[in-house]
Amino acid sequence: MRQVIIYPGEDGYWVAECPSLPGCVSQGETRQQAIANIKEAIIAYVDVLEEDGLPVPEERFETLVLAV
């Protein structure tokens with residue numbers, strides 16, 4: 001399980017990123033497409049780490065929404 005941040009980008013695409021996996025970012029024309037794409041990106045990211053014998057970072061983020 002990984003936490004993902006998803007938000008509308010400046011170019012009209014949706015951006016999705018996984019903070020616990022540095023640099024693991026994707027996007028999509030729709031919110032649903034961005035979610036599907038980040039799932040694939042997370043799987044590929046972890047696969048490459050494992051293939052290279054590198055440790056997979058643990059999930060370590062909490063989500064908090066603040067009203068300001």
Side-chain angles (χ1 to χ4, degrees):
M1 300 277 283
R2 296 283 171 174
Q3 290 189 20
V4 171
I5 298 169
I6 186 164
Y7 54 91
E10 294 178 10
D11 58 359
Y13 279 70
W14 283 86
V15 178
E17 55 185 289
C18 182
S20 64
L21 301 174
C24 189
V25 179
S26 194
Q27 65 178 7
E29 290 183 8
T30 65
R31 188 174 186 274
Q32 293 76 15
Q33 186 180 33
I35 292 168
N37 291 345
I38 195 66
K39 285 181 182 180
E40 290 180 14
I42 290 168
I43 291 167
Y45 190 110
V46 170
D47 285 348
V48 168
L49 288 176
E50 289 175 343
E51 287 172 9
D52 291 345
L54 299 171
V56 176
E58 292 184 28
E59 180 60 63
R60 63 184 191 281
F61 287 89
E62 287 185 30
T63 304
L64 178 64
V65 178
L66 296 176
V68 179

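Note that the structure is a prediction, hence the values are computed from the model and not measured. Start at 1 with the first residue, then count along the sequence.
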Any side-chain heavy-atom pair from L49 and P57 closer than 4.5 angstrom?
yes
Sorted by chain and number, sequence neighbours left out, side chain to side chain donor-acceptor pair (under 3.5 Å) with Q3 holds for T63
| task | Report yes or no: do E17 and Y7 form a side-chain donor-acceptor pair below 3.5 Å? | result | yes
One should read off an interatomic distance between C18 SG and K39 NZ, to the nearest 0.5 angstrom, of 13.0 Å
Between L21 and the options I42, I38, V4, the side chain to side chain contact (heavy atoms under 4.5 Å, CB included) test singles out I42
Closest heavy-atom pair, R2 versus V56, reported as atoms and distance to 0.1 Å, is NH2-CG1, 3.4 Å
Nearest heavy-atom approach of A16 to A34 is CB-O, 3.9 Å
Taken in chain and number order and not counting sequence neighbours, the residues that satisfy side chain to side chain donor-acceptor pair (under 3.5 Å) with E59 are S20
For G9 and V15 the tightest heavy-atom approach is CA-CG2, 3.9 Å
Heavy-atom nearest pair, E29 first then W14, reads O-CD1, 3.9 Å
| message | Are the side chains of Y45 and P22 in contact, using a 4.5 Å heavy-atom criterion? | response | yes
Q: Would you mind reporting whether I35 and I6 have side-chain heavy atoms less than 4.5 Å apart?
A: yes
Is there a side-chain contact between N37 and Q27 (heavy atoms, below 4.5 Å)?
-> no
